[in-house]
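Input: a single structure, listed below in structure tokens.
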Amino acid sequence: MRPVPRDGYGREIDYLRISLTDHCNLRCVYCMPLEGLALAPSSAFLTAAEIEQVVRAAVAVGFRKFRLTGGEPTLRPDVVEIVERVARVPGVRDVAMTTNGIRLPALAAALAAAGLRRVNVHLDSLDPVRVARVMRWGSLAEIWAGIEAAESAGLRPLKLNAVVVRGFNEEDVVPLAALTLEHDWHVRFIETMPLGVREVAEVARTALVPTAETRARIEAALGALAPLPAADPADESRNHRLPRARGIVGFISPVTEPYCGTCNRMRLTAEGRFHLCLLNDDEVDVRAALRSGGGLEAVAAILLRAVRHKPTGHRLDLGLSTKHREMYQLGG
Ligand code: SAM
């Protein structure tokens with residue numbers, strides 16, 4: 001098997017996030033607008049067979065870990081087939097999924113049987129009214145049923161992702177963190193990043209709650225957070241444990257504590273373009289190569305080229321992704 005590829009800065013890039021669709025059954029305030037969203041038709045998305053081709057090519061150049069995401073990945077009618085195809089590619093070490101959990105009661109057992117190892121479930125509050133305010137189309141009861149389904153299907157360790165949004169849920173970090181006292185879950189708090197369409201990016205930029213504030217709020221209510229050594233240096237979450245807790249509290253701080261230096265990720269959009277960084281909009285088209293009969297070698301060559309050009313870091317400390325640079329009249 002090939003050694004893990006390194007980018008131009010010596011970072012080992014072995015982790016590919018694959019978006020299965022850009023459609024979603026939620027409209028979180030910092031992610032998607034309620035109206036006017038231009039979504040691609042499903043026919044534009046890579047098919048299950050094409051995704052398998054990309055994964056084979058990625059493994060051939062040294063990628064080992066894969067995460068299926070979106071949009072909402074469980075909205076793909078062929079999501080179980082996709083997991084099965086990805087999981088059985090020789091050399092794939094890990095297949096995980098990021099989801100809002102709503103469809104897990106129907107799917108968790110089949111996904112686990114198909115080879116899915118773990119899920120990250122997105123939940124911003126334990127208060128049903130605030131879930132409806134921040135995640136809009138979803139309900140706490142639906143997401144909670146998804147969490148229970150993931151547990152029963154053995155998708156472990158269960159990780160919960162909560163985006164902390166000023167004016168919406170900054171107080172809710174305490175009950176969310178307290179879940180780790182009883183459960184061996186990882187509850188991770190994420191700073192808002194200015195992504196997507198302009199109005200939503202602006203919400204994310206102005207609603208930022210720095211990790212230091214979230215952390216202080218949790219410690220004031222629940223006690224000191226003891227830092228845990230990083231099991232994986234590329235893990236974007238800084239992990240801690242509350243006194244006598246079973247689970248882990250993590251902080252993902254792309255704005256106030258960027259972790260670009262250890263970033264090992266690349267992203268494939270649902271339409272088959274590699275993004276070199278979540279927060280830069282440089283991209284490399286792989287669908288055209290696949291559909292013109294390029295096959296595994298062409299995709300592998302594109303991937304290696306993309307890895308070499310992975311940027312050093314994003315500029316979220318300035319509150320922007322490349323897409324929104326013009327918003328701040330910075331140019332460049
Ligand atoms: N639909 C799935 C979900 O809700 O988890 C997967 C896709 S969602 C885009 C992946 C993760 O991105 C979620 O955990 C969500 O919390 C996070 N996210 C979305 N928009 C964000 C933003 N503007 N800033 C920070 N995190 C964001």
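Not a single side chain to side chain donor-acceptor pair (under 3.5 Å) links R27 to another residue, sequence neighbours left out. Checked against side chain to side chain donor-acceptor pair (under 3.5 Å), N100 has the following partners two or more places apart in sequence or in another chain: N25, E72. Qualifying side chain to side chain donor-acceptor pair (under 3.5 Å) partners for E271, counting only residues two or more places apart in sequence or in other chains: none. By the side chain to side chain contact (heavy atoms under 4.5 Å, CB included) test, A57 is found to be paired with L296, V299, A300, residues two or more places apart in sequence or in another chain being considered. Legend: residues meeting side chain to side chain donor-acceptor pair (under 3.5 Å) with H240, ordered by chain and number and at least two apart, are R215. Qualifying salt bridge (charged side-chain N to carboxylate O under 4.0 Å, His left out) partners for E84, counting only residues two or more places apart in sequence or in other chains: none.
Minimum interatomic distance between E170 and G167 (heavy atoms only, all atoms of both residues): OE1-N, 2.9 Å. For I82 against R76, the heavy-atom pair with the smallest separation is CD1-NH2, 3.5 Å. Between A162 and L176, the shortest heavy-atom contact is CB-CD1, 3.8 Å.
Side-chain atoms of E142 come within 3.5 Å of backbone atoms of S139 as a donor-acceptor pair (strictly under, hydrogens ignored). Within the 3.5 Å criterion, the main-chain N or O of P227 finds no donor-acceptor partner in the side chain of R241.
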### Message
Run R67 and T98 through side-chain hydrogen bond (donor to acceptor under 3.5 Å, both in side chains) and show every step you take.
### Response
CA-CA 7 Å; R67 173 170 296 279; T98 304; 3.0 Å; yes

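Under the ring-ring contact (aromatic ring centres under 6.0 Å, His included) criterion, the residue pairs touching residues 162-193 are W144-W185, H183-W185, with sequence neighbours excluded. Note on residues 192-217: no pairs pass ring-ring contact (aromatic ring centres under 6.0 Å, His included), not counting sequence neighbours. For residues 173-190, the set of pairs meeting the salt bridge (Lys or Arg N to Asp or Glu O under 4.0 Å) definition, not counting sequence neighbours, comprises R156-D184. Listed by first and then second residue, the salt bridge (Lys or Arg N to Asp or Glu O under 4.0 Å) pairs that reach into residues 114-132 are D94-R118, D127-R130, R130-D172, sequence neighbours excluded. Identified under the salt bridge (Lys or Arg N to Asp or Glu O under 4.0 Å) test for residues 288-299, with sequence neighbours left out: E50-R291.
Side-chain contact between V86 and E52: absent, with no pair of heavy atoms (C-beta onward) separated by less than 4.5 Å. For the pair V80/L107, a side-chain contact is recorded, criterion being any heavy-atom separation below 4.5 Å from C-beta on. Taking the side chain as every heavy atom from C-beta outward, L104 and L111 approach each other to under 4.5 Å. For the pair F66/V59, a side-chain contact is recorded, criterion being any heavy-atom separation below 4.5 Å from C-beta on. At least one side-chain heavy atom of M97 sits under 4.5 Å from a side-chain heavy atom of V79. Residues V54 and L290 have side chains in contact (heavy-atom distance under 4.5 Å, counting atoms from C-beta outward). With contacts defined as side-chain heavy-atom distances shorter than 4.5 Å, the pair I18/T69 does not qualify. Between L126 and L179 there is a side-chain heavy-atom pair separated by less than 4.5 Å.
Residues L46 and L75 are members of separate hydrophobic clusters, defined by side-chain heavy-atom contacts under 4.5 angstrom among Ile, Leu, Val, Met, Phe, Trp and Tyr. When the side chains of ILVMFWY residues are joined at heavy-atom separations under 4.5 Å, either directly or via intervening members, I218 and I248 end up in two distinct hydrophobic clusters. Under the 4.5 Å side-chain contact rule for hydrophobic residues, L228 and L158 do not share a cluster.
A donor-acceptor contact closer than 3.5 angstrom is absent between the side chains of R64 and Y15. R267 and S19 share no donor-acceptor pair across their side chains, judged by distance under 3.5 Å alone.
Ion pairing between R198 and E202 fails under the 4.0 Å rule for side-chain N and carboxylate O.
Between S253 and the options E236, E191, R238, a side-chain contact (heavy atoms from CB on, under 4.5 Å) holds for only E191. Just one residue in the list M193, H122, M135 forms a side-chain contact (heavy atoms from CB on, under 4.5 Å) with V163, and that residue is H122.
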Under 3.5 Å, which donor-acceptor pairs link side chains of residues 33-45 to any protein atom two or more places apart or in another chain?
none

